[in-house]
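Worksheet: one structure, shown below.
We use all heavy atoms of the structure for the numbers below, so side chains are in, but hydrogens, waters and symmetry mates are not.
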Amino acid sequence: KFTTDDTSYQTFNAYTDYSKSLGKHNIKLLLGYNYETKSYRWFNAERENLISNDLAGLGQAYGEKYNGSGQHSWATMGYFARINYNYDERYLLELNGRYDGSSKFPKSSRFGFFPSVSAGWQIAQEKFMESTRNWLDGLKIRASYGVIGNQNVNPYTFTPTMSVSNKSTSWIIDNTYVTSISSLPALVSQNFTWEKVGTVNVGLDINLFNNRLNGVFEWYQRNTNGMLAPGVQLPAVVGASAPYQNTADMRTRGWELSLNWRDQIGKVGYRLGFNLSDYKSKITKYDDNATTKLLSSFYPGQVMGEIWGYIADGYYSVDDFEDTSSWKLKEGITSINGYNVRPGDVKFKNLRDDESSTNVITSGDNTFDNPGDRKVIGNTTPRYQYGINLGANYAGFDLNVILQGTGKRDYWISNVLTFPMNGDNFIPLFDGLSDYWMPKDPDNGDWTAVNPNAKYPRLYGNRGNSGSNLRQSDKYLSDASYLRIKNITLSYNLPKKWLSQIFLSQMKAFVSVENVATFTSLPSGIDPERIEWNYPAFRTVSFGINFTL
């Protein structure tokens, strides 16, 4: 088999600017043009019945021949302009505008206009702040509003396409596969266009104590209007899914804070830096699911990252059953729809009843209005993300330490690292998974628990009842917060009086360690940054010498 592909990307930018100062008035203008295009194409050829595995090549086979090819391309074009104005470096104003077009949208809705405006006030430069200048070096309030466009969709979403193949059918005529159309054209919309992302931002910049302490605080709200998603649900008789349209809106609110301190004690210089941020996104509109509010899709009012699950209520005990022969639950004990529970199975709280499922754990209609006995038990959005930078220098030595982490995050992880023998009868039992519920002597009718507060439910042959016991619930929801020592670097700058003898102006030796340590409650092997069980984040040690002639 032979495969080849290539990508061509071209861009052209042209702009001109002009600036003018009239006393305390300062003006700057900028005009520009931007063009981008990207093309991708591929080709493959293959032939069956290779004569020799040591001589791979299309000419070394005598069987049926197959080949295929494909390509796609897109282009964008836009004009942009900017006006900057400031008065006496105290009052700042900036106006921006872009007029962009994309080939990914129908011709009738290909272009969009995206404006923005920002303003700032240097309060520390005002005369009434003169008394603070011995400790206040800078104080600026700023605000902005801007709209940008998003065109991250397939280049041919508005074009109905069909796939042709000679391998998608079992029909053979004259020892050759019949070429067929393997799919019907989908419904498409001819009026969708750019997603428009509008952001309001308010910020405060402050500099104190001869610029030793610097701080920045920002609050923002981002409204994504016209998100591209499947449109209003169509009747089943149509026989096709709804085409992509600008059908959903989302609102994101968040804030960011950073503080940095830099000073010196004698000959020792040191620096401390800290940043913290948080945000939350919410769907404010989604036409396709506005009525039913299915939990499996976007729905109005949904907080992005929601985890719906059941609330665990301990384990079933032998006292919950009338006897050990029929295993009938006593009156008032909650049962689980579709499962014959036994002692050691996880019991769940009954959050709501309806006429057909009184005192029975169900998933309801899988909608916001009827989620059964589920509720929001967590959220996958990383909250309170932070970073810490520590540093010190003395006599040419410089030490820098970078830490990062997430203060709050929930995640549902279901694999062999989190549940005993999950998914297979012949998986080894990993470390930390042996604390499962066990009865004293079930063969002689004693179903009293040896360890009633075990972490995991009882084990069944052939994984019986695992669909109920290991269902998404708060009992086994993972805490994905973490702290990672991301980097430690130690360097030494050789004194210049030494370097002058060997005709060098600068020489620095360094040693650096990446991913020094990670502190998290996730099972060992799962990376808290990527939330996956794969190749770990390698600890890398590097060292070297940089010199300048």
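Taking the six-membered ring for Trp and thresholds of 30 and 60 degrees, W135 and F209 have ring planes inclined between 30 and 60 degrees apart. Under the 30°/60° scheme for interplanar angles, the aromatic rings of F397 and Y492 are found to be tilted.
The closest donor-acceptor contact from the side chain of T418 to the backbone of N415 lies under 3.5 Å. A donor-acceptor distance shorter than 3.5 angstrom exists from the side chain of K104 to the backbone of V153, with no hydrogens or angles considered. Under a 3.5 Å cut-off, the side chain of W194 and the backbone N or O of F114 do not form any donor-acceptor pair. Remark: side-chain polar atoms of Y35 are not paired, donor with acceptor, to backbone N or O of A75 under 3.5 angstrom. Judged by distance alone, the side chain of R133 and the main-chain N or O of Q125 form a donor-acceptor pair under 3.5 Å. A side-chain donor-acceptor contact under 3.5 Å links N275 to the backbone of G387. Side-chain N or O atoms of R530 include none that pairs as donor or acceptor with a backbone N or O of D527 at under 3.5 Å. Not one N or O on the side chain of S521 forms a donor-acceptor pair closer than 3.5 Å with the backbone of S478. With hydrogens and angles ignored, the 3.5 Å screen pairs a side-chain donor or acceptor of E306 with a backbone N or O of V303. In this structure a side-chain-to-backbone donor-acceptor pair under 3.5 Å is missing from D205 to L139.
Under the 4.5 Å side-chain criterion, counting only non-hydrogen atoms from C-beta, Y220 is not in contact with V200.
Considering D6, T7, D5 in turn, D5 is the only one that fulfils the side-chain hydrogen bond (donor to acceptor under 3.5 Å, both in side chains) rule with Y40. In summary, of the residues considered (D137, N260, N214), a side-chain hydrogen bond (donor to acceptor under 3.5 Å, both in side chains) with N207 occurs for N214 alone.
The pair K486-E529 meets the salt-bridge criterion, with a side-chain N (NZ, NE, NH1 or NH2) lying under 4.0 Å from an Asp/Glu carboxylate O. Note on R352 versus D373: no salt bridge recorded, every NZ/NE/NH1/NH2 to OD/OE distance being 4.0 Å or above. Using a 4.0 Å cut-off between charged side-chain N and carboxylate O, R271 and D398 make a salt bridge. A salt bridge links R142 with E218: at least one charged nitrogen is closer than 4.0 Å to a carboxylate oxygen. A salt bridge is absent between D365 and K293; no separation between the charged side-chain nitrogens and carboxylate oxygens falls under 4.0 Å.
A donor-acceptor contact closer than 3.5 angstrom links the side chains of T252 and S281. Looking at N515 and R539, their side chains never bring a donor and an acceptor atom within 3.5 Å of each other. Side-chain contact annotation: Q151 with S102, donor-acceptor N/O pair under 3.5 Å present. Looking at T193 and S109, their side chains never bring a donor and an acceptor atom within 3.5 Å of each other. Judged by distance alone, the side chains of D410 and N379 never bring a donor and an acceptor atom under 3.5 Å apart. Between the side chains of E126 and W121, at least one donor N or O sits under 3.5 Å from an acceptor N or O. Checked by atom type, the side-chain pair E36/Y9 shows a donor-acceptor distance below 3.5 Å. Checked by atom type, the side-chain pair R409/S481 shows no donor-acceptor distance below 3.5 Å. Remark: the Q221 side chain and the R253 side chain contain an N/O donor-acceptor pair separated by less than 3.5 Å. Judged purely by distance below 3.5 Å, without hydrogens or angles, the side chains of D249 and T284 never pair a donor atom with an acceptor atom. Between W261 and Y270, the side chains place a donor N or O and an acceptor N or O closer than 3.5 Å (distance only, hydrogens not considered). Between the side chains of Y156 and H72, no donor-acceptor pair is found at a separation under 3.5 Å. Inspection of the N44 and T4 side chains reveals no N or O donor paired with an N or O acceptor under 3.5 Å.
By the neighbour-count criterion of 12 heavy atoms within 6.0 Å, atom CZ of R212 is densely surrounded, having more than that number from other residues, nucleotides or ligands. Residue F543 places its CZ atom among 12 or fewer non-hydrogen atoms of other residues, nucleotides or ligands, all under 6.0 Å distant. No more than 12 heavy-atom neighbours from other residues, nucleotides or ligands sit within 6.0 angstrom of OH on Y394.
F113 has its ring centre no less than 6.0 Å from the ring centre of Y99.
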- Yes or no on ring pair (Phe, Tyr, Trp, His ring centres under 6.0 Å) for Y299 and Y286, after CA distance, side-chain angles and deciding distance? CA-CA 6 Å; Y299 62 85; Y286 187 41; 9.6 Å; no
